[in-house]
Amino acid sequence: AGLTYAFSPILVLRLHHYNLMQSAAIFPLIIWSLNSFFNTKKVLYFGIFTFLLSQQIFIGFQQLTIYSLIASFLFLIYKTLATFKKKGTQFKVGAIFFGSVTLAVLISSIQLNSTLTLLKESSRIQIQNPQKILNDFPFNPSNLLTLFDPFILGSANNATYPKWNPGYWGIFWENNTYFGLLQLILIFVVAIAIIRHKKSLFNRNLLFFYFLGILGILLALGKFGPLHPLFSIPPISFFRVPSRFLIFTFLSAAILSSAGLEFLKNRLKNRYTKFVIVSLILTFSTIDVFRVWYRYPLTAEVKDLRETPQFIKEISPDSRIATFGQTNEWNSIFFEKGWVGQEENYLFFKNLMDQNLNLIYGINNTFSYAAVSPRRTTYIESLIKQNVAENENTLAFSKLSENLLDLTSTKYVITTKTVESDRWKLIDKINNNKTTFYLYLNSKSLPRAFAVNKYQTGKTLDQIVEILNSDNFDPSKEIVLEEP
């Protein structure tokens, strides 16, 4: 079970999503703590449940926290009705559960309060709606074929998987369903055993995980499935990428396949045969993990990864950079070639020190890659980027973008094309094959703190932008104040 879940796509394909991986790793423990309560009747396990849930909240990936609570609630209902016949006892168990959830929320309130405050200042909730959630990253039903072969539709690592197409096609690592062929066979073995022995309490418990696994697939289908109206109901309506409900399926697959192995082991009478068969299944399952996933991620020599980008030598400490034009260069490799055999190109991309790679090298970046950003931060970033004209070989900054870069203390810009302007001084450039990156110094960058004796006022964002873009505005001598 551990092997199946740990190397399922929700974890093995999320090496670049650390907090998602951490949150997904806690999910089985949450279900285990509830199951242990029903097996032992010890309230101590609700205390463990509270601790695990609070830690999952602290991790910060609240989408999987909500999904964990949904699965926990469904599991609680099933186990309570199956274990306790008296309504009074059932009510007490439910009260303890909700009390435990409340306590977990209180323990992690410092995280939740900060998250809610940020959400209020962001545009994330405003732009989220059921149609957008269902269309942005859809789970096309044909992705269910990856149950049998993870690369049957192509792979992201060699750019053979279909490109992201909102409304029709999602992303490889979001939509893959492969957890092992042997495990899939064992799940069918358990299904046959349940059909033959309906009265077994153990088998009835396993029925819940068949339900949970199928529910995960139906919810993951989003717009293509019958349960899409649920994405109009909070808290499900708060989160995008419906295919993350596949976490239900992967946990169920882990439990059901291990139950299938246990069933098969118990059917074998000869001790030697039992040992050989179980060992072979575990061995081939392990080999399958390496066969499928070992060569999937991009790897490089540690010394190459730790090597300092060339541009850092030219950047003064405590200064701020911004990167422009990198998207086309990155996508020309990522979408057309993937990353197999492209180690040199991706190592070269380190020199861009794009968000959030810049953090590794202790360099501040004007932009950020964040799930949730304050509205004003997002607005300023969009104003800067939208007012940069990108031609075939050159970049041109408008007056508005230059003023904003000055005001945000952006002292350096790294570009993939030349900048034709007297105010931008070329400091260094670096080449790799047909690609060149340029490092420019902003001669008019302002310090983080400075004093002025003039100001202008504006009541709306449009008025403020108009002032910033005017010819007579000098950001080094005056500021713009927003009228209440």
Judged by atom type as modelled, is there a donor-acceptor pair below 3.5 Å linking the side chain of [X] to the main-chain atoms of [Y]?
X	Y	value
Asn358	Ile363	yes
Ser36	Trp32	yes
Asn140	Asn143	no
Thr377	Ser373	no
Arg14	Leu20	no
Asn356	Tyr369	yes
Lys350	Glu307	yes
Thr416	Gly325	yes
Thr249	Gly213	yes
Asn365	Met353	yes

Report yes if some heavy atom in the side chain of [X] is under 4.5 Å from a heavy atom in the side chain of [Y]; otherwise report no.
X	Y	value
Glu262	Asn266	yes
Leu298	Gln342	no
Phe7	Phe250	no
Pro150	Trp293	yes
Leu52	Ile48	yes
Ser368	Glu381	yes
Ile152	Phe148	no
Tyr210	Ile194	yes

Worksheet item: What do the steps show when you test Gln22 against Asn19 for side-chain hydrogen bond (donor to acceptor under 3.5 Å, both in side chains), and what is the final call?
Response: CA-CA 5 Å; Gln22 291 171 319; Asn19 58 349; over 6 Å; no

Worksheet entry | Steps toward side-chain hydrogen bond (donor to acceptor under 3.5 Å, both in side chains) verdict (Thr146, Thr177) | CA-CA 6 Å; Thr146 59; Thr177 60; 2.7 Å; yes

[X] side, atom [atom1]; [Y] side, atom [atom2] - distance, nearest 0.5 Å:
X	Y	atom1	atom2	answer
Asp354	Ile414	CG	CD1	8.5 Å
Ile57	Ser108	CD1	OG	3.5 Å
Leu3	Ser285	CG	OG	6.0 Å
Lys79	Asn39	NZ	CG	5.5 Å

If we check ring pair (Phe, Tyr, Trp, His ring centres under 6.0 Å) with [X], which of these qualifies: [options]?
X	options	answer
Phe172	Trp339, Trp164, Tyr296	Tyr296
Tyr78	Phe73, Phe38, Phe208	Phe208
Phe37	Tyr45, Phe46, Phe97	Phe46

Practice prompt. Under the ring-ring contact (aromatic ring centres under 6.0 Å, His included) rule, what do Trp330 and Phe349 come out as? Steps first, then yes or no, please.
Written response: CA-CA 8 Å; Trp330 176 277; Phe349 284 137; 5.2 Å; yes

Taking atom [atom1] of [X] as the centre, does the number of heavy atoms from other residues, nucleotides or ligands within less than 6.0 Å exceed 12?
X	atom1	result
Tyr168	OH	no
Tyr346	OH	yes
Phe84	CZ	yes
Phe188	CZ	no
Lys92	NZ	no
Asn432	CG	yes
Ile110	CD1	no
Glu343	CD	yes

Worksheet entry | Full working for side-chain hydrogen bond (donor to acceptor under 3.5 Å, both in side chains) between Trp169 and Tyr161 | CA-CA 10 Å; Trp169 207 266; Tyr161 188 77; 3.3 Å; yes

Minimal non-hydrogen separation, [X] against [Y], with atom names:
X	Y	result
Leu404	Ile384	CB-CG1, 3.6 Å
Ser243	Ala220	CA-CB, 3.7 Å
Ile31	Phe75	O-CE2, 4.0 Å
Ile30	Ser72	CG2-OG, 3.3 Å
Thr160	Gly154	OG1-CA, 3.3 Å
Arg375	Lys120	NH1-O, 2.9 Å

Worksheet item: What do the steps show when you test Glu336 against Lys163 for salt bridge (Lys or Arg N to Asp or Glu O under 4.0 Å), and what is the final call?
Response: CA-CA 10 Å; Glu336 301 303 326; Lys163 292 181 181 179; 3.1 Å; yes

Practice prompt. Applying ring-ring contact (aromatic ring centres under 6.0 Å, His included), run through Phe324 and Phe367 and close with a yes or a no.
Written response: CA-CA 10 Å; Phe324 296 93; Phe367 308 131; 5.7 Å; yes

Practice prompt. Answer yes when Arg376 and Glu482 have at least one side-chain N-carboxylate O distance shorter than 4.0 Å, and no when they do not.
Written response: yes

Discussion item. Apply side-chain hydrogen bond (donor to acceptor under 3.5 Å, both in side chains) to residues Gln56 and Ser68 and explain how you reach the verdict.
Written reply: CA-CA 9 Å; Gln56 194 179 45; Ser68 296; 3.0 Å; yes

Worksheet item: Looking at Phe61, Phe58, Tyr18, which hits side chain to side chain contact (heavy atoms under 4.5 Å, CB included) with Ser23?
Response: Phe61

Worksheet item: Parallel under 30°, tilted from 30 to 60°, perpendicular over 60°: which one fits the rings of Phe348 and Phe437?
Response: parallel

Worksheet item: Should the pair Tyr67 and Phe245 be assigned to parallel (<30°), tilted (30 to 60°) or perpendicular (>60°) ring geometry?
Response: parallel

Practice prompt. With Lys223 as the cation and Phe139 as the aromatic partner, state whether NZ or CZ is under 6.0 Å from the six-membered ring centre and within 45° of the axis.
Written response: no

Worksheet item: Any luck finding a side-chain donor-acceptor pair between Thr65 and Gln62 under 3.5 Å?
Response: yes

Item to complete: Might you work through the side-chain contact (heavy atoms from CB on, under 4.5 Å) test for Leu182 and Asp288, ending with a clear yes or no?
Response: CA-CA 9 Å; Leu182 283 175; Asp288 189 53; over 6 Å; no

